*Asks:* 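One structure, pasted below without further comment.
In this text, all values refer to a predicted model and were calculated from it rather than measured experimentally.
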Amino acid sequence: NYCPGNGTCTTGVEAVQTSDLNNLVSLSYFWAGAGFTPTDVVGRGSIAYITGTIKPEGEEATGKLWIVDFVTPQTPNILAEVPNVGGQQIELAGNRAYLLDTSQEEMWLHVINISDSTDPTHMASLSPEVGESYYCGFAVSNARAHILCDGKLSVLDLSEPLDPTRPPLG
């Protein structure tokens, strides 16, 4: 929560200077609008990749990825938004962002091409076979997604995200 001192609090993402860990300094704040709830943030250089939901009053909540440039921390600049992709967790690997969405009845792994941070493209949405679970973690390494849910591991080969395979383990 961010409370700028006027008694009104909201959820968002705060940019903090961390050069002195004993003296953290708030630089700015990103807020995507009414009903915004961030779920995860990953940074690469001055760019922040922010997953979350937006729920305008009287409407259904939808997942979204925001790509925000903090090169001038006091004035964050939205470079792009990718609608209809939820994600409680985000991983970056190479020119791709991977969002793990466990908020629906089925789990989804969204693959986004971020080679151009001003024009990201949604490449695929995959449904890993891990059963019904909301307590999951994942990591992406060597073009594979390793998804662990309640003790069950699922591995997806992501070298061809439009045609993922489950490589043999062992």
*Asks:* What's the spacing between Asn77 CG and Phe70 CZ if we round to 0.5 Å?
*Replies:* 10.0 Å

*Asks:* Between Ala80 and Thr118, which heavy-atom pair has the shortest distance, and what is it?
*Replies:* CB-O, 3.8 Å

*Asks:* Apply the test side chain to side chain donor-acceptor pair (under 3.5 Å) to residues Asp40 and Thr51: give CA-CA distance (whole Å), side-chain angles for both, the deciding distance (0.1 Å), then the verdict.
*Replies:* CA-CA 5 Å; Asp40 200 8; Thr51 61; 5.2 Å; no

*Asks:* Could you give the distance from CD (Gln88) to OG1 (Thr53), rounded to the nearest 0.5 Å?
*Replies:* 8.5 Å

*Asks:* Would a distance-only check, ignoring hydrogens and angles, find a side-chain to backbone donor-acceptor pair under 3.5 Å from Arg96 to Ala143?
*Replies:* no

*Asks:* So, taking the atom named CD1 in Ile112 and the one named OG in Ser125, what distance separates them when rounded to the nearest 0.5 Å?
*Replies:* 7.0 Å

*Asks:* Nearest 0.5 Å please: distance from the CG atom of Asn84 over to the NE2 atom of His110.
*Replies:* 9.0 Å

*Asks:* Please tell me if the side chains of Leu100 and Tyr98 come closer than 4.5 Å, counting only heavy atoms from C-beta onward.
*Replies:* no

*Asks:* Check whether any side-chain heavy atom of Val85 sits under 4.5 Å from a side-chain heavy atom of Asp101, and report yes or no.
*Replies:* no

*Asks:* Are Tyr49 and Leu92 close enough that some pair of their side-chain heavy atoms sits under 4.5 Å apart?
*Replies:* yes

*Asks:* Has Asp20 got more than 12 heavy atoms of other residues, nucleotides or ligands less than 6.0 Å from its CG?
*Replies:* yes

*Asks:* In the structure I gave you, are the side-chain heavy atoms of Leu99 and Leu109 within less than 4.5 Å of one another anywhere?
*Replies:* no

*Asks:* Any link between Met123 and Ile114 through a network of hydrophobic side chains (Ile, Leu, Val, Met, Phe, Trp, Tyr) touching at under 4.5 Å?
*Replies:* no

*Asks:* Looking at CG of Leu153 and CD1 of Ile147, how far apart are the two atoms once the value is rounded to the nearest 0.5 Å?
*Replies:* 8.5 Å

*Asks:* Do Phe138 and His146 have side chains that get closer than 4.5 Å, going by heavy atoms?
*Replies:* no

*Asks:* Would you mind reporting whether Asp69 and Ile78 have side-chain heavy atoms less than 4.5 Å apart?
*Replies:* no

*Asks:* Taking a hydrophobic cluster as the set of Ile, Leu, Val, Met, Phe, Trp and Tyr residues connected by side-chain heavy atoms closer than 4.5 Å, whether directly or through intermediates, do Val25 and Leu21 fall within one such cluster?
*Replies:* no

*Asks:* What residues join Val71 in its hydrophobic cluster, counting side-chain heavy atom gaps under 4.5 Å, either direct or through other members?
*Replies:* none

*Asks:* Do Phe36 and Phe30 have ring centres separated by under 6.0 Å?
*Replies:* yes

*Asks:* Taking a hydrophobic cluster as the set of Ile, Leu, Val, Met, Phe, Trp and Tyr residues connected by side-chain heavy atoms closer than 4.5 Å, whether directly or through intermediates, do Val111 and Val42 fall within one such cluster?
*Replies:* no

*Asks:* Side chains of Leu65 and Ile50, heavy atoms from C-beta outward: is any pair under 4.5 Å?
*Replies:* no

*Asks:* Could you give the distance from OG1 (Thr39) to CD (Gln89), rounded to the nearest 0.5 Å?
*Replies:* 9.0 Å

*Asks:* Is there a donor-acceptor pair closer than 3.5 Å between any side-chain N or O of Asn113 and the backbone N or O of Ser115?
*Replies:* yes

*Asks:* Do Glu60 and Lys55 have side chains that get closer than 4.5 Å, going by heavy atoms?
*Replies:* no

*Asks:* Are Val68 and Val13 connected in a single hydrophobic cluster, I mean Ile/Leu/Val/Met/Phe/Trp/Tyr linked by side-chain heavy atoms less than 4.5 Å apart?
*Replies:* yes

*Asks:* Under 3.5 Å, is there a donor-acceptor pair between the Gln17 and Ser19 side chains?
*Replies:* yes

*Asks:* Check whether Ile67 and Ile54 end up in the same hydrophobic cluster, where Ile, Leu, Val, Met, Phe, Trp and Tyr are linked by side-chain heavy atoms less than 4.5 Å apart.
*Replies:* no

